[in-house]
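Structure, as C-alpha cells:
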Amino acid sequence: MTVDAVIVGSGPGGATAADVLTRAGWDVVIVEKGRNHLLDPDDLSKPAADYSNDEIKFIDRYFLGPDPLIEPRTFRRDEEEGDHAYVGEVNSIPTTVGGGGTHADGKVPRFREEDFTLLTTHGAIDGAEVADWPLTYDDLEPFYAEAERSIGVAGTAGANPFAAWRSGPYPMPSGAPMYGALRSSAAAEALGLHPYAAPTAANSVPYNGRPACNNCGFCAFFGCPIHAKGDPVALLMRAMASGRAELLSETFVSRLVTDGRRATGVEVIGPDGAARTIDARHVVIAAGAVETPRLLLLSGVDHPLVGRNFMVHFQTFVIGIFPERLHGHKGRAVTHVHDDAVIVDDAARAAAAEAGLPWIRGGLVEHGGPSLPIMEAKIYPWGTKHKSLMRSSPMRDRMWAFTMQGEDLPQLTNRVDLDPTVRDVRGFPVARVTYKPHRHEIVASAHHAPRLVRVLEDMGATWTMTSTSPLVEGEDRRGALSAIPMSRHVMGTTRMGEDPRTSVVDPQGRIHSLDNVVVADSSVFVTSAGYGPTLTLVALAARAAAALAGRTTPG
Amino acid sequence: MPLFLTDDEFRTLSAACDRLIPEDETPGATSAGVPDYIDGLLGAFLVDPPRIWAGGPTSGRHGGEAAFARFHRLTTLDELAWRTRIEGSRGLPEREFNGPVEGLQERYRSGLAALGPDFCDLAPEDQDERLRSNRRFTALVYEHCCEGMYGAPEYGANRDGVGWQSIEYPGDVQPRGWSDAEVAGP
C-alpha cells in the first residue's frame with residue numbers, strides 16, 4: 001500500500017502537516033521515534049492521562065526522552081577539540097509523541113517583519129551568513145493566524161508596541177498574570193521598557209474541547225496534565241479524528257528511499273526491532289533541526305549545506321534575589337515578556353559601532369521565576385546550610401529572573417553532522433553538534449544585560465547576577481558542559497531559499513534535489529530572530545503542507 | 001527491610017544521608033525516608049512494574065485519583081536504558097554499543113564500602129570528613145537525597161510530604177491548581 005504522505009516526527013511541525021493534509025483529504029502515516037504519552041491509546045483522537053506534576057519523572061528521569069544512554073548526541077566547539085568533547089544530552093528536545101511541543105511552556109510569539117529581511121534591513125556581518133528569507137511576513141501572516149487558531153493562543157492584540165501587524169485578535173484573552181511578573185513589568189515600564197502579556201498556547205478559557213489552564217505551575221519541561229497547552233495535542237487530535245491518519249510510535253525512520261529526484265518512501269525500524277519500508281507518494285520530514293539533517297545525511301542527501309548554519313538562541317540570564325517570596329510556582333511559568341532588546345535603536349547602534357559590528361540585536365526577554373525544589377536543592381551545598389537555604393529559598397521562591405533569547409547569527413562552521421564513532425541503540429551514527437557563538441551574540445548580551453540588572457534592582461532585589469548559556473569563553477577554556485547551549489530552540493540546518501546553491505529547500509520547504517520531499521520544522525529557518533521558533537515553524541509547516549495539497553492559503 | 005542493599009549498607013547509607021540533609025528544626029533525610037528512595041531506585045526492577053516513572057495525572061492529594069501510585073510499564077527500550085543505568089552494562093553487547101557503563105548499584109556498593117564499616121559509629125565531624133574525601137560518591141548520594149527529599153512521596157521518601165512542608169512548598173497541585181487571585185497576588 002502506498003500512502004499519500006509519510007510524516008517523520010509528531011512534534012509541532014509534523015502534527016501541523018498531518019492536520020493540514022488530512023483536512024485536504026490525504027491519507028498520512030505519522031512516524032514517531034518516541035513513546036506515546038500524549039494521546040489515549042484506546043482512542044488517539046483523545047488526550048492521554050500520563051502527564052503529572054512530578055519533578056522526578058520529568059526532570060530527573062527522562063520521561064519525555066531522549067534517554068542519553070540509548071540516544072546520545074555529541075558536542076564540540078570546533079574541530080580543534082577532536083571528534084567530540086562531550087557525549088550525552090545535547091540540546092535535547094523531547095523524543096515522544098508531540099515532540100518539543102509537549103515540554104514547552106507555550107510562549108508563542110510571532111516574528112516581526114524585519115526578521116524576514118535582515119540582510120536588506122540591517123546588512124551583512126563578517127563571519128555570518130546573514131540573509132533575507134525567500135518569503136515575507138505578509139506571506140506568512142495568514143498562516144500565523146491559522147496556527148494561533150489551531151493550537152489556541154491567548155494574548156492581547158496591541159499590548160506590544162513593537163509587534164508586527166496582525167489580521168485579527170488572538171483567539172483567547174490573556175491568562176492570569178503572575179505576581180512576580182506584575183512587579184517586574186512595573187519596574188521595567190518605569191525604566192522605559194515595554195513589557196506585555198506573553199502570547200501563550202495555554203488556554204485562558206475552555207477552547208475546542210480542552211479546559212482552561214488552572215495555573216498549576218508545571219509548565220516548562222512538563223507535559224500538561226489537563227491538556228490546556230494546545231501545542232501540538234490539538235493538531236494531533238484533529239488529525240487522528242479525521243480517520244485519515246495512522247500514528248506509528250516507537251518507530252525510527254532510518255533512511256529515505258529515493259529513486260532519482262523522487263522519494264518512494266522511508267525505511268523504518270519498529271518497536272520489535274524489525275526493519276520495513278513504508279511506501280509513500282510524498283515525504284514530510286519534521287524531526288527537528290538536529291534529527292532532520294541527521295536523517296538526510298543518513299540517507300545520502302549530499303547538499304553541502306545540509307546541517308550547516310545550525311542556530312540556537314544565545315541565552316542571557318539576569319537573576320535577582322528578593323527579601324520577600326514571589327511564588328514562581330503559581331502560574332504558567334512566564335506570563336510577561338518584552339521586545340525592546342530586539343529593536344536596533346541608537347544605543348544598540350552605538351554599542352555595535354564600539355565593538356566594530358554594523359548592528360546588534362538581542363532577543364525577547366522573558367520575565368519568570370524558578371519553581372522546582374529538587375533543581376534548587378542540587379544548587380546548594382550539603383549539610384546544615386542545605387536546610388536553612390531550602391527554608392529561606394533564595395534560589396527559588398525569592399528569586400526573579402530575566403531570560404533573553406538572543407538572536408544567534410547563522411555560521412557555516414556551526415553545524416550538525418554524523419559522529420564518526422558514537423552510535424544510538426539501533427546502531428546508527430548519532431548527531432554531532434559543532435557550535436560556537438559569533439561575537440555578535442556576546443556583544444548584544446553584554447549591551448542589554450545591565451538594563452535588566454537595573455530593573456531587578458528597582459524591583460527591590462538585594463543581590464543580582466548575570467550569566468549566559470553558552471558561557472562566554474574566558475581566558476581559560478571552561479569545560480564542555482558550559483559550552484553546550486542550554487537553549488532548546490534549535491534552527492537552521494536545512495536553510496530555505498530560491499537558489500539551490502545557497503539553500504537546501506525551496507520557499508515551500510521542498511528539498512531542491514528531491515521533488516516530493518518537504519521539510520516542515522525549524523530546520524528551514526534562514527535566521528533565528530530573537531523569538532521562540534514554535535509558532536513560526538507551525539505557520540511554515542502549514543504553508544508547506546497547503547502547497548503540497550495545491551493551495552496557497554490556509555484551509 | 002531494604003529492597004536491594006544489605007542491612008549494613010542501608011545503615012551506612014542512612015547515616016550518610018543524615019549528614020547531607022541533617023535533622024534540625026525540620027526533619028532530616030532519614031526520617032523523611034530518603035534511604036528508601038535510593039534503595040528503591042537501586043532495586044527498581046525487583047518490583048513490577050519497575051518503580052521508574054510514577055503515573056498520572058493526579059496524586060489524590062488535591063482531589064482526583066491516587067494515580068501516581070500506578071507506575072508506568074516500560075517498553076523494551078525504556079527497560080534497556082534503565083537496567084543499564086542501574087545495573088551497569090555487565091559486558092552485555094546490547095548495553096555496550098558505546099562502551100561499558102558503570103551502574104548505580106556498583107557505584108553505591110563500592111561507595112558505601114569506601115565510607116568504611118565504622119562510618120555509623122564515627123562522630124559527625126569525622127563522618128563529614130569521610131564524605132568530603134569521597135567527593136564523587138558523596139555528590140551522587142546528595143543528588144539522590146535532593147530528589148527523595150523534595151520529590152513525590154510515591155517514590156519512597158518525602159514521607160507524608162514532610163520535605164515539602166519543611167520548605168512551605170505545596171508539591172503537586174492538580175487538579176486543584178491555583179486561582180487567578182492566588183497567582184496574581186503577593
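Numbers restart at 1 for each chain; the letters A, B, ... are given by sequence-line order, proteins then strands.
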Report task. Could you check whether the rings of B/H72 and A/F63 sit parallel, tilted or perpendicular, using 30° and 60° as the cut-offs? Result -> tilted
Under 4.5 Å heavy-atom distance to chain A, tell me which part of [X] shows up: side chain, backbone, both or neither.
{"X": "B/E154", "result": "neither"}
{"X": "B/P27", "result": "backbone"}
{"X": "B/D18", "result": "neither"}
{"X": "B/N98", "result": "side chain"}
{"X": "B/S179", "result": "backbone"}
{"X": "B/Y37", "result": "side chain"}
{"X": "B/T26", "result": "both"}

**Report entry** Closest approach of B/D24 to A/K387 (non-hydrogen atoms, all atoms of both residues)
**Finding:** OD1-NZ, 3.1 Å
Query raised in the report: Do you know the tightest heavy-atom contact between B/Y142 and A/A377?
Result: OH-O, 2.9 Å
4.5 Å side-chain heavy-atom contact, [X] and [Y]:
{"X": "A/D67", "Y": "B/W82", "answer": "yes"}
{"X": "A/W382", "Y": "B/R132", "answer": "yes"}
{"X": "B/Q174", "Y": "A/F218", "answer": "no"}
{"X": "B/L77", "Y": "A/R426", "answer": "yes"}
{"X": "A/P373", "Y": "B/M149", "answer": "no"}

Query - Derivation of the side-chain contact (heavy atoms from CB on, under 4.5 Å) call for B/D172 and A/D54 - result: CA-CA 7 Å; B/D172 60 275; A/D54 181 343; over 6 Å; no
Between [options], who has the most heavy-atom pairs with chain A when the cutoff is under 4.5 Å?
{"options": "B/R70, B/R85, B/E143", "value": "B/R85"}
{"options": "B/E182, B/R19, B/E25, B/R176", "value": "B/E25"}
{"options": "B/V173, B/D78, B/L20", "value": "B/L20"}

Below 4.5 Å from any heavy atom of chain B, which atoms of [X] appear? Answer side chain, backbone, both or neither.
{"X": "A/I70", "answer": "both"}
{"X": "A/P72", "answer": "side chain"}
{"X": "A/Y380", "answer": "both"}
{"X": "A/S371", "answer": "backbone"}
{"X": "A/E250", "answer": "side chain"}
{"X": "A/R183", "answer": "neither"}

Choice from [options] maximising heavy atom contacts with chain B below 4.5 Å:
{"options": "A/N53, A/D50, A/V87, A/L326", "answer": "A/N53"}
{"options": "A/T335, A/T421, A/V422", "answer": "A/V422"}
{"options": "A/R61, A/H37, A/R396, A/M178", "answer": "A/R61"}
{"options": "A/I59, A/D424, A/I374", "answer": "A/I374"}

Requested in this report: Before giving the answer on side-chain contact (heavy atoms from CB on, under 4.5 Å), spell out for B/Y150 and A/E376 the whole-Å C-alpha distance, their side-chain angles and the decisive distance to 0.1 Å.
Outcome: CA-CA 10 Å; B/Y150 309 108; A/E376 174 192 21; over 6 Å; no
Give, for atom [atom1] of [X] and atom [atom2] of [Y], the distance between the pair rounded to the nearest 0.5 Å.
{"X": "A/T384", "Y": "B/I21", "atom1": "OG1", "atom2": "CD1", "value": "12.0 Å"}
{"X": "B/W53", "Y": "A/L64", "atom1": "CH2", "atom2": "CG", "value": "9.0 Å"}
{"X": "A/L69", "Y": "B/R83", "atom1": "CG", "atom2": "CZ", "value": "14.5 Å"}
{"X": "B/N158", "Y": "A/I56", "atom1": "CG", "atom2": "CD1", "value": "8.5 Å"}
{"X": "A/C216", "Y": "B/H62", "atom1": "SG", "atom2": "NE2", "value": "11.0 Å"}
{"X": "B/Y155", "Y": "A/E55", "atom1": "OH", "atom2": "CD", "value": "10.5 Å"}

Query raised in the report: Quick check: does any side chain N or O of A/H327 sit under 3.5 Å from a backbone N or O of B/G185, one acting as donor and the other as acceptor?
Result: yes
Query raised in the report: Above 12 or not: heavy atoms from other molecules or residues under 6.0 Å from NZ of A/K46?
Result: no
Query raised in the report: Are side-chain N/O atoms of A/D397 and B/Y169 paired as donor and acceptor at under 3.5 Å?
Result: no
Query raised in the report: Are B/T75 and A/R35 close enough that a side-chain donor and a side-chain acceptor fall under 3.5 Å?
Result: no
Requested in this report: Test B/W178 against A/H329 for side-chain contact (heavy atoms from CB on, under 4.5 Å), laying out the working first.
Outcome: CA-CA 10 Å; B/W178 302 103; A/H329 59 275; 4.1 Å; yes
